[in-house]
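First up is the structure itself, then whatever we jot down about it.
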Amino acid sequence: MQTGLLSGIDYAAIIVYLLGMIGLGVWFSRFQKTSEDYFVAGRRMGWFVLSISIWVSLTSANSMLGCPGYAYKHDLQFVPVMWLLIIPIAIVVIYTILPVFHALSLTTAYTYLERRYGLSVRMIGSTLFILLRGGWLATVIYAPSVALSAVVDIPGLTEQQEIWAAVALVGIVATIYTTLGGIEADMWSDVIQFFVFAGGMILIWFYVLRDVGGWSQVWGIASQTGHTYPMTSGKEFWSWVFNPDLKPAVELMFLWLLMGQTLGQLNDMGTDQLTLQRYFSARSIKESIRALWIARISDIPLMALLYITGTGIFVYFSVHAAQYPNLPENTDQMLPYFVAAVLPVGISGLFIAALFAATMSSVDSGINSLSAACITDFYDRLRGTQSTESSRGVFDKFVAAILAAIITGIAWVLVLSLPAVQQLVGAGSAVASVAITVIAAVLALGLYAGVLLPLIRTTLARIAPEHAADAHYLRVSRWATLIWGLLATITALFVGRLGNIYLIATKMMGFWTGPLLGIFLLGLFTRRANATGVLVGAITGAICTTIWAQYLQFTPFLYSFVGLVPTVVVGYLVSLATAPPNPEQIEGMTIYTHFPVDKEQVSGGD
């Protein structure tokens with residue numbers, strides 16, 4: 001829906017804001033000398049910047065636009081669900097997980113997996129994260145771009161082309177300033193975006209309250225239409241929580257949502273590289289704990305504000321329906337539409353720029369964490385540094401298996417597209433099926449072992465000697481960030497063809513969350529878990545999730561739960577049946593045996 005609501009001054013404000021973000025990246029690039037500066041800000045960040053950045057990174061642009069959109073269309077039922085989880089999960093992370101990780105002075109969470117289990121589990125864990133966040137990145141660029149395209153009118157472009165323009169703008173600008181400034185630029189851009197966004201929310205409520213007639217009038221109209229349920233009164237709220245007359249389907253849906261949100265938030269706050277990278281950037285665990293507490297406590301009013309703002313916008317447009325006859329059909333577009341249609345010229349442009357920045361904040365956090373995982377967990381191994389002959393062998397086998405799987409998949413897609421092969425395999429020829437798989441796998445293994453691996457290592461040895469300088473790692477880190485940003489942007493241009501974006505993102509995140517979270521929980525909360533156990537458990541969890549998704553086709557909210565339970569149960573049972581881990585894999589690696597942490601200072605790295 002093209003509106004043409006923004007003026008030239010608004011567009012100027014957007015351009016100045018986005019150029020300012022690029023300038024921020026240029027500014028912070030001056031202070032980076034090492035990859036540790038680039039990925040964890042030299043471990044010198046204080047609680048103030050961290051707390052805001054943690055909140056922004058955990059609250060994606062999908063939430064900033066989707067929460068008001070949901071409340072505009074429905075009610076406030078998600079508010080108490082959110083309140084139930086924030087503090088309990090924060091307690092678990094702060095008092096169990098953070099002390100273990102901070103004492104180890106990590107850059108990526110997957111270094112912990114190598115120390116706890118071995119290299120093979122580190123490779124699996126990092127790969128699962130890349131799959132999880134790599135798919136998420138495309139959706140988190142595309143969905144907000146669709147919403148923001150409602151108020152961006154570019155002459156000569158169709159609505160779909162305007163969406164592509166918004167995707168390109170978000171992806172390219174975020175990639176530029178993240179490539180230049182690293183995570184420190186990311187976090188400071190989060191701070192700026194947060195205060196602009198908060199100022200815009202205050203202005204929205206100023207106009208809603210002024211033009212509708214005050215808070216009591218807003219709440220009264222909203223409650224009459226059911227938009228304040230279950231928050232209309234204390235009696236209604238507690239009736240909603242304990243009402244025994246709810247239909248079983250409603251109770252089950254609430255339970256599914258609660259389970260999915262619990263595991264999702266535990267993964268996001270406790271084991272996801274995107275968030276952990278911010279914890280690792282703190283100058284001490286004291287700063288991390290203070291930042292996390294502030295971020296999570298602030299989440300209670302801030303997330304409620306996002307939902308209630310949607311209710312306020314609904315009331316505003318209900319009262320002024322005659323003035324706004326052509327409202328967007330997509331309710332995720334209501335917040336930017338209100339800003340463009342109601343707020344003053346210039347201010348609306350600044351707020352729309354902040355919404356673009358909210359999207360870019362999710363993007364910059366994602367690409368920086370992905371590049372950190374690639375450089376720290378894979379690049380050094382591919383160069384053959386920081387590893388023994390044994391660990392190099394494990395890495396080579398892992399990469400060979402991944403390459404074999406990819407080429408086998410491509411072979412199936414290409415070969416089975418031939419009519420003759422379709423007829424042969426379709427007729428039930430098991431021999432043909434096995435032959436295609438074996439031939440593709442052998443070709444892939446031969447290509448990797450005989451050609452690619454020697455070529456890559458010879459090239460890297462020439463351009464990056466074993467004891468490469470910090471400047472080399474900084475340069476490679478920036479290249480990795482640039483590549484991930486461009487890949488995410490290009491993918492986002494086409495992700496809309498896959499169907500419902502929210503559902504796709506939920507499935508992508510849930511599918512890999514269960515096995516990955518299970519691997520971490522077994523390592524942190526048990527002394528007996530070993531590499532064999534968690535790998536068998538993770539494979540079992542992935543198989544169970546696949547069966548659930550493909551054959552049962554039940555709610556995607558339970559993907560993470562279906563993957564987690566078999567990962568933990570099977571992983572622990574197999575660990576009991578096999579050799580126990582070595583003492584060095586336990587000391588400092590569990591919540592029972594973690595190293596003492598200096599409350600004031602944490603330094604070092606992988």
For the atom pair [atom1] ([X]) and [atom2] ([Y]), what is the distance rounded to the nearest 0.5 Å?
X	Y	atom1	atom2	result
L370	W484	CG	CH2	5.0 Å
Y38	F28	OH	CZ	13.5 Å
R478	T481	CZ	OG1	9.0 Å
L50	M45	CG	CE	6.0 Å
Y117	L535	OH	CG	9.5 Å
T127	W512	OG1	CH2	10.0 Å

Within 6.0 angstrom of F561 CZ, more than 12 heavy atoms from elsewhere: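 No.
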
NZ/NE/NH1/NH2 to OD/OE distance under 4.0 Å, D37 and R30: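 Here D37 does not pair with R30 in a salt bridge, since their nearest N and O are not under 4.0 Å apart.
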
With T271, the side chain to side chain donor-acceptor pair (under 3.5 Å) member among T275, D268, N267: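 The residue from T275, D268, N267 that satisfies side chain to side chain donor-acceptor pair (under 3.5 Å) with T271 turns out to be N267.
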
Do the non-hydrogen side-chain atoms of [X] and [Y] ever get within less than 4.5 Å of each other?
X	Y	result
W27	E184	no
T96	L524	no
S120	E114	no
Y110	I130	no
T175	I367	yes
I124	V534	no

Are the side chain of [X] and the backbone of [Y] linked by a donor-acceptor contact shorter than 3.5 Å?
X	Y	answer
S51	F48	yes
T567	G563	yes
Y112	G523	yes
W83	I300	yes
S126	M123	no
T578	V574	yes

Side chain to side chain donor-acceptor pair (under 3.5 Å) contacts touching residues 580-592 (sequence neighbours left out): T590-T593

Passing option when F280 is tested against L106, L104, T108 for side chain to side chain contact (heavy atoms under 4.5 Å, CB included):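 The single option meeting the side chain to side chain contact (heavy atoms under 4.5 Å, CB included) with F280 is L106.
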
Parallel, tilted or perpendicular: ring planes of Y307 versus Y70, cut at 30 and 60 degrees: perpendicular

Side-chain H-bond candidate by donor/acceptor type, D186 with T178, under 3.5 Å: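 A pair is found: one side chain offers a donor N or O, the other an acceptor, under 3.5 Å apart.
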
Show which side-chain atoms of residues 290-299 pair as donor or acceptor with protein atoms under 3.5 Å away, not counting sequence neighbours.
{"unit_1": "R296", "atom_1": "NH1", "unit_2": "D299", "atom_2": "OD2", "d": "3.4"}
{"unit_1": "R296", "atom_1": "NH2", "unit_2": "Q265", "atom_2": "OE1", "d": "3.2"}
{"unit_1": "R296", "atom_1": "NH2", "unit_2": "D299", "atom_2": "OD2", "d": "3.4"}
{"unit_1": "S298", "atom_1": "OG", "unit_2": "I294", "atom_2": "O", "d": "2.6"}
{"unit_1": "D299", "atom_1": "OD1", "unit_2": "W55", "atom_2": "NE1", "d": "2.7"}

Y279/F101 aromatic ring centres below 6.0 Å: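 Centroid separation for Y279 and F101: 6.0 Å or greater.
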
For T546, all residues meeting side-chain hydrogen bond (donor to acceptor under 3.5 Å, both in side chains), sequence neighbours excluded: none

